[in-house]
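All values reported here derive from a predicted model rather than from experimental measurement. Below, read A as the first sequence line, B as the second, and so on, with proteins coming before strands; counting in each chain starts at 1.
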There are 2 protein chains.
Amino acid sequence: MKEIEQRLSDNGVRPTAMRLLIYKYLAEKETATSLTDIEIVFAKAERTTLYRTLRTFEEKKIVHQIDDGTGIQKYALCEPGCDCSLEQDLHLHFHCNNCDETVCLTEHKIPHINLPEGYVTEDANLVLKGICEKCSGH
Amino acid sequence: MKEIEQRLSDNGVRPTAMRLLIYKYLAEKETATSLTDIEIVFAKAERTTLYRTLRTFEEKKIVHQIDDGTGIQKYALCEPGCDCSLEQDLHLHFHCNNCDETVCLTEHKIPHINLPEGYVTEDANLVLKGICEKCSGH
DNA sequence: TGACCTATGCAACGGAAGTGCATTTAGTGA
DNA sequence: TCACTAAATGCACTTCCGTTGCATAGGTCA
């Protein structure tokens, strides 16, 4: 818990009890997390608090937001030292059509694409959809 | 208008007046279209009708749905002969952060990615975000 | 013409994101 | 230690968009 406290402080986020718990939950989870997921786990807490916690984490680069095409915003912890706003740190995400979970594939960066003149790329999102390793049985 | 009628019939969609108008609108528009966009243009028509028309078009492969990360579903006409459910026909989309429009870059297919064993890819979505050619002034 | 199926219109629901404001909590300095 | 201040939390709403159920209109074919 001490390390988490440190991590939050380092990123300019006051380490409150709630925030530590949410961080811990995200750290233990292997898949991307929606607000609703967290809401269910921390049923006692206020929706808004959880919502704002995630937003704060995102602003302070502790988590990155994931758009996996389900229409529901998901979040996952950033790797230490990763700056998800930089093109070279953009990795792809995999959404399983079977278990409905989304995972970060941080090893797989989004390939650079050459666009016609005039287009300036600032950000990119690549989501692959299919069956994940757990569901395919490998 | 005759060609549109033919196009709809060929795809198993009854060419009603409403549908012809919507198709025409989509054909003349260069950017991806949301339900709300259409709703504004066809103010006299019912939201639900427009909604269901788009869904029908999508089912019958007349349009493809686009998830550009704005959280709002967009649609664009499929190229004739294109089957957007096939991996080789998947193209990328570009969303302009300035004018907020999304365009299909049908020339640019999504590169194939080799995933770890166990992952089975069925679908993919790649969205680049930045400034489009119109907004960048080139 | 009459039966039938499909398209359209109307009304309402539900999930998720987001906001305004009051209240509590936790740091800061005298 | 106490008071002050700012940030975090809790509560009540709102809005936006997608979606569905059911009644009605309209087109098609026997």
Side-chain angles (χ1 to χ4, degrees), chain A residues 1 4-25 32-60 62-76 95 100 102, chain B residues 1 4-25 32-60 62-76 95 100 102:
Chain A
M1 223 53 174
I4 300 183
E5 221 172 306
Q6 193 59 46
R7 178 82 204 276
L8 294 189
S9 298
D10 289 351
N11 287 63
V13 173
R14 218 147 84 178
T16 67
M18 194 75 254
R19 287 169 174 176
L20 291 172
L21 287 174
I22 294 176
Y23 188 101
K24 189 156 170 286
Y25 174 69
T33 308
S34 71
L35 175 58
T36 307
D37 290 337
I38 296 187
E39 217 185 326
I40 292 169
V41 175
F42 299 95
K44 280 173 258 172
E46 245 312 290
R47 215 188 135 62
T48 320
T49 305
L50 302 174
Y51 169 72
R52 284 198 255 238
T53 301
L54 288 175
R55 279 247 299 229
T56 304
F57 280 6
E58 197 205 346
E59 279 164 23
K60 297 304 169 63
I62 293 170
V63 303
H64 60 280
Q65 209 183 65
I66 301 167
D67 167 30
D68 63 3
T70 59
I72 296 165
Q73 289 175 212
K74 308 258 170 78
Y75 301 84
H95 177 76
D100 208 45
T102 300
Chain B
M1 221 58 174
I4 300 181
E5 221 172 305
Q6 192 59 47
R7 178 85 204 275
L8 294 188
S9 299
D10 289 351
N11 287 63
V13 173
R14 213 148 85 181
T16 67
M18 193 76 254
R19 286 170 177 176
L20 290 172
L21 286 174
I22 294 176
Y23 188 101
K24 190 158 169 287
Y25 175 69
T33 308
S34 71
L35 176 58
T36 306
D37 291 337
I38 296 188
E39 219 184 326
I40 292 168
V41 175
F42 299 95
K44 283 172 257 174
E46 245 311 291
R47 210 186 137 66
T48 322
T49 306
L50 302 174
Y51 168 72
R52 284 198 256 239
T53 300
L54 288 174
R55 278 248 299 230
T56 304
F57 281 6
E58 196 203 348
E59 278 165 23
K60 298 304 169 62
I62 294 170
V63 303
H64 61 279
Q65 208 183 66
I66 301 167
D67 166 30
D68 63 3
T70 59
I72 296 166
Q73 289 175 211
K74 307 257 170 78
Y75 301 85
H95 177 76
D100 207 45
T102 300

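- Atom CD in A:Glu59 sits about 13 Å away from atom C1' in D:dA7, given to the nearest Å.
- Separating the NZ atom in B:Lys60 from the CZ atom in B:Arg7 is a distance of 13.0 Å, to the nearest 0.5 Å.
- Contact between B:Ile72 and B:Ser34 at its shortest, heavy atoms only, is CG2-CB, 3.7 Å.
- Nearer the 5' end of DNA chain D, as judged by each residue's closest nucleotide, is the contact made by B:Gly71, out of B:Arg55 and B:Gly71.
- Atom OG1 in A:Thr70 sits 8.5 Å away from atom CG in B:Asp67 (nearest 0.5 Å).
- A:Arg52 contributes a side-chain N or O that forms a donor-acceptor pair with the base of D:dG10 under 3.5 Å.
- Between A:Ala32 and A:Ile66, the shortest heavy-atom distance links the atoms CB-CD1, 3.6 Å.
- A:Leu21 has its CG atom 11 Å from the P atom of D:dT9, to the nearest Å.
- Rounded to an integer number of Å, the gap from A:Lys74 NZ to C:dA17 P is 10 Å.
- Taking only side-chain nitrogens and oxygens, B:Tyr51 comes nearer than 4.0 Å to OP1 or OP2 of D:dT19.
- The CG-P distance, from B:Leu50 to D:dG18, rounds to 12 Å in whole Å.
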What string of B, S and - do you get for nucleotides 23-30 of chain D 5' to 3' if you count protein non-hydrogen atoms under 4.0 Å? --------
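- Taking both residues in full, the closest heavy atoms of A:Ile38 and A:Tyr25 are given as CG1-CE2, 4.0 Å, listed atom of the first, atom of the second, then distance.
- Spacing between atom CG of B:Leu20 and atom C1' of C:dT8 amounts to 15 Å, rounded to whole angstrom units.
- In this structure, CD1 in A:Ile62 is found 11.0 Å from CD1 in A:Ile22, a value given to the nearest 0.5 Å.
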With side chain to side chain contact (heavy atoms under 4.5 Å, CB included) as the test, would you mind laying out the steps for A:Arg19 and A:Phe57 before giving the verdict? CA-CA 9 Å; A:Arg19 287 169 174 176; A:Phe57 280 6; 4.1 Å; yes
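- Counting all heavy atoms, side chain and backbone alike, A:Ala45 lies closest to A:Leu50 at CB-CD2, 4.1 Å.
- Remark: B:Thr36 OG1 to B:Gln73 CD distance equals 10.5 Å, nearest 0.5 Å.
- Within residues 32-49 of chain B, the residues having any heavy atom under 4.0 Å from DNA chain C are, by residue number, B:Glu46, B:Thr48, B:Thr49.
- Between the CZ atom of B:Phe57 and the P atom of C:dT6 there is a distance of 17 Å, rounded to whole Å.
- Rounded to whole Å, the distance from CZ on B:Arg19 to P on C:dG9 is 12 Å.
- A straight line from CD1 of A:Ile72 to C1' of C:dG18 spans 16 Å, rounded to a whole angstrom.
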